[in-house]
**Student:** 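Quick one: structure below, then a few questions.
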Amino acid sequence: MKKLFSLLLTCMMLFLTSCNQTPPNETTSEKTQNQEKPKDSELKDIIIQNGASEFIDIPSRILFEQSGYVFYYSKADGKAYVYCFDPLCDHSGGKCLANPMDTEKIYSFDLKNTFFINNRFYTATKYGQIYSFAFDGSDLKIEYGEESYSLEELNRSIWSPSFTAYDKYIYVPMNADENGNACILRFNVETKEMENLTEKTGNCILPHFFYNDKMYGRVFPVGDYLKANLDLTEVEFTTYPITNYFYGSLFFENEYDDKSNYNNRKVIGLKMYNMKTGETTLLSNEMLGLESNVYNVIAADENYIYFCQAKEILVGTYTNSKGKEIELYKDNDGKLYRVKYDGTECVCIYDNPEFEFISREAIICGNQLIIEGQGIGVRDGIAKSWDKAMKIGTIGSDGKIEKFENIELVY
């Protein structure tokens, strides 16, 4: 009888484990939460640009959106789980992070505007609302703003959706205050205080990134490039690369033969700017062994830069519902390269002419590279694309990726 009871208990535990979808070695305990992510202010000589990424990368998980849901890729077992740990939850009513838009309380959700601060997820919306979820995706709270809005209020944007975050602060650009002037607000997630920094200082700076407790940005909405402290009380003119491609203290951008001639210029290489040293390094086309095309850096790690080249390529034609013949193009040739920081060992690590990298951003997890992509080509004389999804490829011992497969999604 005792053996039968033990067997039943074991089966019940296995059933509950499968239902809550928590993969092996994953936990939401307080101890793990406190170890999830260091504060931005503790990351010296690191470029921080929250609010521009398609992923949220925390030590145990990588968050992304697909098919209307928020998933997390588990670094423990290589699967992607819907972000909910309640086996009885139907992911409606805004109860969980898996589907926050399915509620009358939340009127806009964008993972790019979601920040992981003090072991909690915070999302800002253009309707003047900040809400949050717990680490496990539950416990929705309206942190700032109204519980509901009228139809008239939903037809206008109170805040510009270019939100950024640093340390305990969320920076909010406001197109026009009550006097019709642009301003920068700052929300403190710990004190729940919203400050109008422009009103306090007279400065209106849209943050682009943070580096060593300093803000780098432009006069809002468009203007000079400035460097400031977090309170905007100390401001000075500066210059920096206009790019979202970076790793550590390095920015990556294309270098052109004639920067002043925007319509007739050629890419001569990939340039790196080091925020720490102020030095610029050019990886020329000749060094890389590639022709003049725009370089899209999608990822980087301690040893390599990973990039594609932008090329508009005619795939073929198809006939639309009105009987009109339409040309189908893709934005790259399905090749992925990597190169060392000194410009050596530039190698094509993936080559598939019937594949297109959709996203300009990837994330590396160990020997895995994750990026959104799709198949594209001609089938039965008709140009078409198929199987658009978040893909994962394994970097082999030879440094190459044999194939990209759909990430396995577990609902």
Side-chain angles (χ1 to χ4, degrees), residues 19-22 28 33 36-37 50-56 58 61 63-72 80-165 168-178 183-196 409 411:
C19 283
N20 69 16
Q21 300 177 357
T22 304
T28 59
Q33 290 185 37
E36 275 299 321
K37 183 182 178 183
N50 295 312
S53 178
E54 298 178 11
F55 303 96
I56 298 179
I58 54 180
R61 306 168 185 180
L63 277 70
F64 64 91
E65 284 186 275
Q66 184 168 310
S67 305
Y69 285 88
V70 177
F71 290 89
Y72 71 92
Y81 300 80
V82 66
Y83 211 113
C84 181
F85 298 88
D86 182 356
L88 302 180
C89 182
D90 61 0
H91 317 311
S92 65
K95 296 188 292 290
C96 67
L97 185 60
N99 188 15
M101 280 291 287
D102 187 17
T103 173
E104 295 181 357
K105 291 183 178 180
I106 306 302
Y107 300 95
S108 177
F109 175 81
D110 190 338
L111 199 65
K112 289 184 178 180
N113 295 329
T114 301
F115 313 103
F116 189 60
I117 307 172
N118 293 345
N119 307 308
R120 196 170 178 88
F121 295 99
Y122 291 83
T123 296
T125 81
K126 62 183 181 180
Y127 301 115
Q129 188 183 60
I130 296 175
Y131 59 94
S132 70
F133 286 97
F135 177 82
D136 65 358
S138 66
D139 188 30
L140 167 68
K141 290 182 180 180
I142 305 297
E143 302 284 353
Y144 183 88
E146 303 298 329
E147 290 277 343
S148 62
Y149 292 90
S150 66
L151 182 60
E152 180 183 355
E153 290 172 323
L154 292 177
N155 287 330
R156 62 186 177 90
S157 297
I158 299 174
W159 294 341
S160 169
S162 300
F163 307 106
T164 53
K168 60 184 176 181
Y169 299 114
I170 298 174
Y171 289 84
V172 178
M174 192 172 188
N175 293 308
D177 60 13
E178 57 187 11
C183 59
I184 299 298
L185 310 179
R186 186 177 69 176
F187 182 72
N188 187 323
V189 302
E190 294 178 354
T191 65
K192 314 303 180 185
E193 179 186 8
M194 181 70 82
E195 302 174 89
N196 188 327
L409 303 178
Y411 288 87

**Student:** Is the shortest side-chain heavy-atom distance between Leu63 and Thr114 below 4.5 Å?
**Tutor:**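 In short, these two side chains do not touch, never coming nearer than 4.5 Å.
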
**Student:** Heavy atoms, side chains only, cut-off 4.5 Å: are Leu140 and Tyr131 in contact?
**Tutor:**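 A side-chain contact exists here, since the closest heavy-atom pair is under 4.5 Å.
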
**Student:** Under 6.0 Å between ring centres, would you say that holds for Phe163 and Phe187?
**Tutor:**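 That pair fails the under 6.0 Å test.
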
**Student:** Are Phe121 and Tyr83, when compared by the centres of their aromatic rings, separated by less than 6.0 Å?
**Tutor:** yes

**Student:** Within this structure, what is the NZ-CD1 distance for the pair Lys168 and Ile117, rounded to the nearest 0.5 Å?
**Tutor:**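 Those atoms lie 11.5 Å apart.
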
**Student:** So, the side chain of Gln129 versus the backbone of Lys105: is there a donor-acceptor pair under 3.5 Å, distance only?
**Tutor:**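 Pair found, side chain donor or acceptor close to backbone of Lys105.
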
**Student:** I need the single residue from Asp86, Asp90, Thr103 that forms a side chain to side chain donor-acceptor pair (under 3.5 Å) with Lys95. Which is it?
**Tutor:** Asp90

**Student:** Return the CD to CD distance between Glu104 and Glu147, rounded to the nearest 0.5 Å.
**Tutor:**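 The CD atom of Glu104 sits 11.5 Å away from the CD atom of Glu147.
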
**Student:** For a side-chain contact (heavy atoms from CB on, under 4.5 Å) check, start with the C-alpha distance between Asn99 and Phe109, then their side-chain angles and the critical distance, and finish with the verdict.
**Tutor:** CA-CA 9 Å; Asn99 188 15; Phe109 175 81; over 6 Å; no

**Student:** For the atom pair CD (Glu195) and OH (Tyr169), what is the distance rounded to the nearest 0.5 Å?
**Tutor:**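 Spacing of CD (Glu195) from OH (Tyr169) equals 6.5 Å.
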
**Student:** Show the nearest heavy-atom pair for residues Val82 and Ala98, with the distance to one decimal.
**Tutor:**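 It is CG2-CB, 3.3 Å.
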
**Student:** Please report the interatomic distance OG(Ser162) to NZ(Lys112), rounded to the nearest 0.5 Å.
**Tutor:** 10.5 Å

**Student:** Could you check whether any side-chain heavy atom of Ile170 comes within less than 4.5 Å of a side-chain heavy atom of Val189, counting everything from C-beta outward?
**Tutor:**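 With C-beta onward as the side chain, the pair touches.
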
**Student:** Does some side-chain heavy atom of Glu54 sit less than 4.5 Å from a side-chain heavy atom of Leu111?
**Tutor:**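 They are not in contact (no side-chain heavy atoms under 4.5 Å apart), so the answer is no.
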
**Student:** Please report the interatomic distance CD1(Ile158) to NZ(Lys126), rounded to the nearest 0.5 Å.
**Tutor:** 11.0 Å

**Student:** What's the spacing between Ser160 OG and Asn175 CG if we round to 0.5 Å?
**Tutor:**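 That separation rounds to 5.0 Å.
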
**Student:** Here's a test for you: under side chain to side chain contact (heavy atoms under 4.5 Å, CB included), which of Asn50, Thr164, Ile130 qualifies with Phe115?
**Tutor:**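 The option that passes is Asn50.
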
**Student:** Could you walk me through whether Arg61 and Phe135 satisfy the side-chain contact (heavy atoms from CB on, under 4.5 Å) test, starting with their C-alpha distance in whole Å, then the side-chain angles of each, then the deciding distance to 0.1 Å, before giving a yes or no?
**Tutor:** CA-CA 11 Å; Arg61 306 168 185 180; Phe135 177 82; 3.7 Å; yes

**Student:** Pair Phe85, Tyr72 - check ring-ring contact (aromatic ring centres under 6.0 Å, His included), show working.
**Tutor:** CA-CA 12 Å; Phe85 298 88; Tyr72 71 92; 5.6 Å; yes

**Student:** Please step through side-chain contact (heavy atoms from CB on, under 4.5 Å) for the pair Ile142 and Ile106, ending with a clear verdict.
**Tutor:** CA-CA 9 Å; Ile142 305 297; Ile106 306 302; 4.1 Å; yes

**Student:** Search all heavy atoms of Ala80 against all heavy atoms of Phe64 and return the closest pair with its distance.
**Tutor:** CB-CZ, 3.8 Å

**Student:** Does the Ser67 side chain pair with the main chain of Tyr69, one donor and one acceptor, at a distance under 3.5 Å?
**Tutor:**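 No: the side chain of Ser67 does not pair with the backbone of Tyr69.
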
**Student:** Looking at Glu190, I want to see if its CD is surrounded by more than 12 non-hydrogen atoms of other residues, nucleotides or ligands under 6.0 Å.
**Tutor:** yes

**Student:** Between Asp139 and Arg120, does the side-chain contact (heavy atoms from CB on, under 4.5 Å) criterion hold? Intermediate values first, please.
**Tutor:** CA-CA 10 Å; Asp139 188 30; Arg120 196 170 178 88; 3.1 Å; yes

